[in-house]
Colleague: 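Could you have a look at this structure, given as structure tokens, before my questions?
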Amino acid sequence: MQSFARRCKQRGQRIAFVPTMGALHEGHLSLIRRARRAADVVVVSVYVNPTQFGPREDLAAYPRTLRKDAAACRRLGADVLFAPPSLYARDHSTWVEESHLSLGRCGASRPGHFRGVATIVAKLFNIILPDVAVFGQKDAQQCDVIRRMVRDLDFPLRIVVAPTVREADGLAMSSRNRYLTPAERARAPLFHRALVAAARLGPRRAAAAARSLLKRQGFRIDHAELVNGRLCAAIFLGKTRLIDNVAVAMRAPRPRDHRRDLDESVT
Ligand code: AMP
């Protein structure tokens, strides 16, 4: 892969890279289309990175659909699908650890997760030598951690963040949505609707409103916080952990509208 990337560079071609863990859905495909617009050569990686899973998480159960993924990549005009069986030496002992932005939210409930993410993304950047790498807004904290790593460690590339792709009912697409039972799937869109309703209340009230709405709907909340103008949250639906984030209106509506706004948009 690395020699292919070097040859592309010698020919003056620019490389755009989309890292994924496979089980590709429309969200991933939108990143590939975005990458297609950004460079001459598009590389997609499919690698279920073991070091970003906790010991009690779903590494073994994570969906693997490589044949279908390859067909989708081909259809969208990706040039290379990089799907190595393993990327770690047996005695791998070097880690990339972002030590500030990784701490809260998903980092707090998934210790070691962002160390695994930063390490694999750094390795992939060194193998694929991209000029541009495309990530999804759905994983907002991941975007922040990767941007910081690229800045702090002087990776010579540009990060592009593409908008979250949703199902018709608002649920953010995710490879993990397939874990949901039909009953859970039916309730899942309420998560996004609650975030949208709470975000309308403006930066001062959004996080508390989201927590109270989600609790009222019976979701187990992992976190709901305002970060850089976005309302970011994670919930558990049965055993499945879902994340999402939406932009928060910079100006809150007039106070007497609050209660009505909230109730209307979630019932
Ligand atoms: P994953 O395969 O879950 O590791 O995700 C690979 C990339 O796809 C990451 O940059 C994600 O943020 C992005 N992604 C996942 N779901 C979506 C979505 N619904 N919309 C846009 N990007 C997404």
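Both counts, for ligands and for their atoms, begin at 1 and track the order of listing.
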Colleague: Taking the six-membered ring of Phe219, is NZ or CZ of Arg187 closer than 6.0 Å to its centre and within 45° of its axis?
Modeller: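 Positive - Arg187 is close enough to the ring of Phe219 and near enough to its axis.
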
Colleague: Surrounding NZ of Lys68 (heavy atoms of other residues, nucleotides or ligands, distance under 6.0 Å), is the total greater than 12?
Modeller: no

Colleague: What do we get for Ser175 next to ligand 1 when only non-hydrogen atoms under 4.0 Å count, side chain, backbone, both or neither?
Modeller: neither

Colleague: For ligand 1, does His28 get within less than 4.0 Å through its side chain, its backbone, both, or neither, judged by non-hydrogen atoms?
Modeller: side chain

Colleague: Could you list the atoms of ligand 1 found under 4.0 angstrom from a heavy atom of Met173?
Modeller: 16 (N), 17 (C), 18 (C), 19 (N)

Colleague: Just to confirm my output: which protein heavy-atom neighbour is closest to atom 12 (O) of ligand 1, and how far is it?
Modeller: Asp139 OD1, 2.6 Å

Colleague: With heavy-atom distances below 4.0 Å as the criterion, list the atoms of ligand 1 near Pro19.
Modeller: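 Counting from 1, the qualifying ligand atoms are 6 (C), 7 (C).
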
Colleague: Can you name the nearest heavy-atom pair linking Leu231 to Ala199, along with the distance?
Modeller: CD2-N, 4.0 Å

Colleague: Could you tell me whether Cys143 approaches ligand 1 through its side chain, its backbone, both or neither, with non-hydrogen atoms closer than 4.0 Å?
Modeller: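 Under 4.0 Å from ligand 1, Cys143 contributes no heavy atoms.
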
Colleague: Which is it for Leu31 and ligand 1 at heavy atoms under 4.0 Å: side chain, backbone, both or neither?
Modeller: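 Side chain only.
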
Colleague: Only heavy atoms of Pro163, strictly under 4.0 Å: list the atoms of ligand 1 that pass.
Modeller: 20 (N), 21 (C)

Colleague: Show the atoms of ligand 1 that are less than 4.0 angstrom away from any heavy atom in Phe135.
Modeller: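 Near Phe135, meaning under 4.0 Å from one of its heavy atoms, ligand 1 has 10 (O).
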
Colleague: List every atom of ligand 1 that sits less than 4.0 Å from any heavy atom of His25, numbering the atoms from 1 in the order shown and giving each element.
Modeller: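 Within the 4.0 Å cut-off of His25, ligand 1 contributes 15 (C), 16 (N), 17 (C).
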
Colleague: Among all protein heavy atoms, pick the one closest to atom 9 (C) of ligand 1 and tell me residue, atom and distance.
Modeller: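 The answer is Gln142 NE2, 3.8 Å.
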
Colleague: Please step through side chain to side chain donor-acceptor pair (under 3.5 Å) for the pair Asn49 and Gln52, ending with a clear verdict.
Modeller: CA-CA 6 Å; Asn49 172 37; Gln52 71 189 68; 2.9 Å; yes

Colleague: Can you label the angle between the Phe125 ring and the Phe17 ring as parallel, tilted or perpendicular, going by 30° and 60°?
Modeller: perpendicular

Colleague: Above 12 or not: heavy atoms from other molecules or residues under 6.0 Å from NE2 of His100?
Modeller: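 Atom NE2 in His100 is not packed in, count stays at 12 or less.
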
Colleague: Does some side-chain heavy atom of Thr94 sit less than 4.5 Å from a side-chain heavy atom of Thr119?
Modeller: no

Colleague: Do other residues, nucleotides or ligands put more than 12 heavy atoms under 6.0 Å from Arg67 CZ?
Modeller: no

Colleague: Using a strict 4.0 Å threshold on nitrogen-to-oxygen distance, state whether Asp244 and Arg230 make a salt bridge.
Modeller: no

Colleague: For Met21, take its heavy atoms, then give the atoms of ligand 1 lying under 4.0 Å from any of them.
Modeller: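 Per the distance check, 1 (P), 2 (O), 4 (O).
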
Colleague: Specify side chain, backbone, both or neither for Lys138, according to which of its non-hydrogen atoms lie closer than 4.0 Å to ligand 1.
Modeller: side chain

Colleague: What protein heavy atom sits nearest atom 20 (N) of ligand 1, and how far off is it?
Modeller: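 Here the closest protein heavy atom is Val165 N, 2.8 Å.
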
Colleague: Between the side chains of Arg241 and Ser109, is a donor N or O closer than 3.5 angstrom to an acceptor N or O?
Modeller: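 Indeed, the side chains of Arg241 and Ser109 share at least one donor-acceptor pair under 3.5 Å.
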
Colleague: Between ligand 1 and Gly136, is the shortest N or O to N or O distance under 3.5 Å?
Modeller: yes

